[in-house]
Amino acid sequence: MLDVKLGGEAALFWHRPTERPIHLEALRSSVQNQSMLYRGFASKLHHEVPHWVETGALFHIRIALDGKKEQRPLTAFSLGKSLLDSVRFYETEQRWQITLFLLMPDHLHALLSFAPNESMSSVIGDWKHFHKRTTNILWQEGYFDHRLRDDERGEQLSAKLNYIRHNPVVAGLCARAEDWPWVIERSR
């Protein structure tokens, strides 16, 4: 229960365990208390693939470095090579199947599908943990994922591939997408 004072009166709000307080310093309102409940989102997102998602579903994954810590860019030669070698190893071990995996200095993009007996969260968590231990990468907590539905596999998949491929060009890191060395691409 949260006690919020409104003009001298107390208003009580009941909440579920998945709700969390947010702060309202930037808002100009009559609420005197500095917090209220943010409804609708769990305090921690879970990245489990639902049971109804077909085997071999393709996911767009984005993983970023912890921006609060100074670190080597993911594209530093030895680090980039180590990352891409481990990406290939995970494919060899059938933990994921690569459609596209691209490193940027402070984040990466991947289009991956996962083995039916593997949890996407576990696979990505294991991979991130391995690199935290072996290469001292400090990752941002969690990651972004978006499942590409069957109706996104045609034109929208092509657009997603082009968007990812052109990230280095847009960032001014190379003149043409074909010149970027920090990428693995497989045809499906």
Side-chain angles (χ1 to χ4, degrees), residues 15-22 38-69 71-75 78-154 156-165 167 182-188:
H15 66 279
R16 295 177 300 277
T18 58
E19 295 172 333
R20 58 192 167 109
I22 61 169
Y38 181 70
R39 298 180 189 277
F41 293 101
S43 59
K44 182 171 179 164
L45 297 176
H46 299 280
H47 298 277
E48 296 301 323
V49 177
H51 69 283
W52 45 264
V53 171
E54 72 278 1
T55 300
L58 191 59
F59 289 85
H60 176 201
I61 308 292
R62 184 180 184 277
I63 306 172
L65 290 176
D66 182 346
K68 298 175 187 162
K69 310 281 191 231
Q71 302 183 64
R72 295 182 293 171
L74 298 177
T75 54
S78 62
L79 180 56
K81 184 176 177 340
S82 174
L83 288 164
L84 293 182
D85 286 348
S86 69
V87 167
R88 288 182 191 99
F89 177 78
Y90 264 55
E91 185 171 55
T92 301
E93 293 295 308
Q94 300 180 355
R95 306 247 6 233
W96 58 38
Q97 182 180 6
I98 303 165
T99 297
L100 181 66
F101 201 102
L102 183 133
L103 299 177
M104 292 290 288
D106 64 347
H107 69 281
L108 63 87
H109 289 275
L111 289 175
L112 303 170
S113 54
F114 297 87
N117 61 337
E118 293 275 9
S119 155
M120 178 173 62
S121 283
S122 296
V123 173
I124 292 173
D126 290 350
W127 186 81
K128 286 173 61 177
H129 183 70
F130 170 78
H131 281 287
K132 182 179 181 181
R133 277 187 298 106
T134 60
T135 58
N136 295 318
I137 295 176
L138 300 174
W139 301 105
Q140 183 179 51
E141 188 176 329
Y143 56 91
F144 164 86
D145 69 90
H146 169 75
R147 179 177 62 92
L148 278 70
R149 298 181 312 267
D150 285 339
D151 61 346
E152 292 179 292
R153 297 277 177 107
Q156 291 187 20
L157 174 59
S158 183
K160 180 90 56 188
L161 287 165
N162 286 332
Y163 162 77
I164 294 170
R165 281 189 208 114
N167 258 244
W182 304 110
V183 63
I184 298 171
E185 188 167 4
R186 308 257 195 266
S187 58
R188 284 186 61 88

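Every value quoted in this text rests on a predicted model; they were computed, and no experiment measured them.
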Quiz prompt | Closest approach of Ser113 to Ala57 (non-hydrogen atoms, all atoms of both residues) | solution = CB-O, 3.1 Å

Self-check item: Spatial distance of atom CD (Glu91) from atom CD1 (Ile184) [nearest 0.5 Å]
Solution: 7.5 Å

Exercise. Look only at the side chain of Thr92 and the backbone of Arg88, and say whether a donor-acceptor pair between them is shorter than 3.5 Å.
Key: yes

Self-check item: Residues in side chain to side chain contact (heavy atoms under 4.5 Å, CB included) contact with Asn117, at least two apart in sequence or another chain
Solution: Ala115

Self-check item: Shortest non-hydrogen contact between Phe101 and Ala110, atoms and distance
Solution: CD1-CB, 3.5 Å

Quiz prompt | Which residues share a salt bridge (charged side-chain N to carboxylate O under 4.0 Å, His left out) with Arg62, sequence neighbours left out | solution = none

Quiz item: Measuring from Thr75:OG1 to Asp106:CG, what's the distance to the nearest 0.5 Å?
Solution: 9.0 Å

Quiz item: Hey, which of Ile63, Leu79, Leu84, Thr135 is the one that makes side-chain contact (heavy atoms from CB on, under 4.5 Å) with Leu74?
Solution: Leu79

Quiz item: Distance-only, no hydrogens or angles: does the Trp96 side chain make a donor-acceptor pair with backbone N or O of Val87 under 3.5 Å?
Solution: yes

Self-check item: Counterpart residues, side chain to side chain donor-acceptor pair (under 3.5 Å), relative to Trp127 (two or more places apart)
Solution: Ser86

Practice problem: Test side-chain contact (heavy atoms from CB on, under 4.5 Å) on Ile164 and Val183 and set out the steps. | Solution: CA-CA 10 Å; Ile164 294 170; Val183 63; over 6 Å; no

Quiz item: Atom CD1 in Ile61, atom CD1 in Ile124: separation rounded to 0.5 Å?
Solution: 4.0 Å

Quiz item: Residues two or more places apart in sequence or in another chain: which of them pass side chain to side chain contact (heavy atoms under 4.5 Å, CB included) with Asn136?
Solution: none

Exercise. Could you tell me which residues satisfy side chain to side chain contact (heavy atoms under 4.5 Å, CB included) with Thr134, sequence neighbours excluded, listed by chain and number?
Key: Phe130, His131

Practice problem: Just jot down the side chain to side chain contact (heavy atoms under 4.5 Å, CB included) partners of Gln71, sequence neighbours excluded, or say none. | Solution: Leu65, Asp66, Lys69, Ile137, Leu138

Quiz item: Which residues pass the salt bridge (charged side-chain N to carboxylate O under 4.0 Å, His left out) test with Glu93, sequence neighbours left out?
Solution: none

Quiz item: How far apart are the closest heavy atoms of Leu58 and Leu111, and which atoms are they?
Solution: CD1-C, 3.9 Å

Quiz prompt | Selection residues 119-139 - residue pairs positive for salt bridge (Lys or Arg N to Asp or Glu O under 4.0 Å), sequence neighbours left out | solution = Arg95-Asp126

Quiz item: Can you tell if the side chain of Leu108 reaches within under 4.5 Å of the side chain of Tyr143, non-hydrogen atoms only?
Solution: no

Quiz item: What pairs with His60 under ring pair (Phe, Tyr, Trp, His ring centres under 6.0 Å), at least two apart in sequence or on another chain?
Solution: His109, Phe144

Quiz item: Rounded to the nearest 0.5 Å, how far does CH2 of Trp182 lie from NZ of Lys81?
Solution: 8.5 Å

Quiz item: So how far is it from Leu112 CG to Tyr90 OH, rounded to the nearest 0.5 Å?
Solution: 12.0 Å

